[in-house]
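Computed from a prediction, not measured in an experiment: that's the story for all the values here.
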Amino acid sequence: MFRRSEYLGEIFSEAIAIGAKTIWTQLGIFDEFSAQKALEAGLNVVMDACIKVEYNRLGIGR
């Protein structure tokens with residue numbers, strides 16, 4: 001997700017409401033309160049992480 005942290009509460013609430021399975025936010029984007037709410041609702045939560053960085057770190061595609 002490429003939205004500023006102050007929008008995460010609303011976005012996480014919408015994700016819970018539609019039955020999303022996972023929420024992933026990019027580097028520098030996090031909201032611990034919203035993350036806890038999503039975790040309690042059963043969602044997987046990844047915050048403050050870049051897919052490309054993780055891809056390289058895990059050596060995928062080498």
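Within the structure, salt bridge (Lys or Arg N to Asp or Glu O under 4.0 Å) contacts touching residues 5-14 (residues at least two apart or in different chains) are Arg4-Glu6. Among residue pairs with one or both ends in residues 37-49, those qualifying as side chain to side chain donor-acceptor pair (under 3.5 Å) are Ser13-Lys37, Thr22-Asn44, Gln36-Glu40; sequence neighbours excluded.
In terms of heavy atoms, Ile23 sits closest to Ala15 at CD1-CB, 3.7 Å. Considering every non-hydrogen atom in both Ser34 and Gly9, the closest pair reads OG-CA, 3.1 Å. Residues Phe30 and Met47 come closest through the heavy atom pair CA-SD, 3.8 Å. Nearest heavy atom pair, residue Ser5 against residue Ile29, reads OG-CA, 3.5 Å.
Ile16 and Leu39 fall within the same hydrophobic cluster, where Ile, Leu, Val, Met, Phe, Trp and Tyr residues are linked whenever their side-chain heavy atoms come under 4.5 Å apart, directly or through other members. With hydrophobic clusters built from ILVMFWY side chains whose heavy atoms lie under 4.5 angstrom apart, Leu27 does not share a cluster with Phe12. Each of Val53 and Leu58 belongs to its own hydrophobic cluster when Ile, Leu, Val, Met, Phe, Trp and Tyr are linked at side-chain heavy-atom distances under 4.5 angstrom.
Applying the side chain to side chain contact (heavy atoms under 4.5 Å, CB included) test between Thr25 and each of Val45, Leu8, Ile11, Asp31 identifies Leu8 as the sole match.
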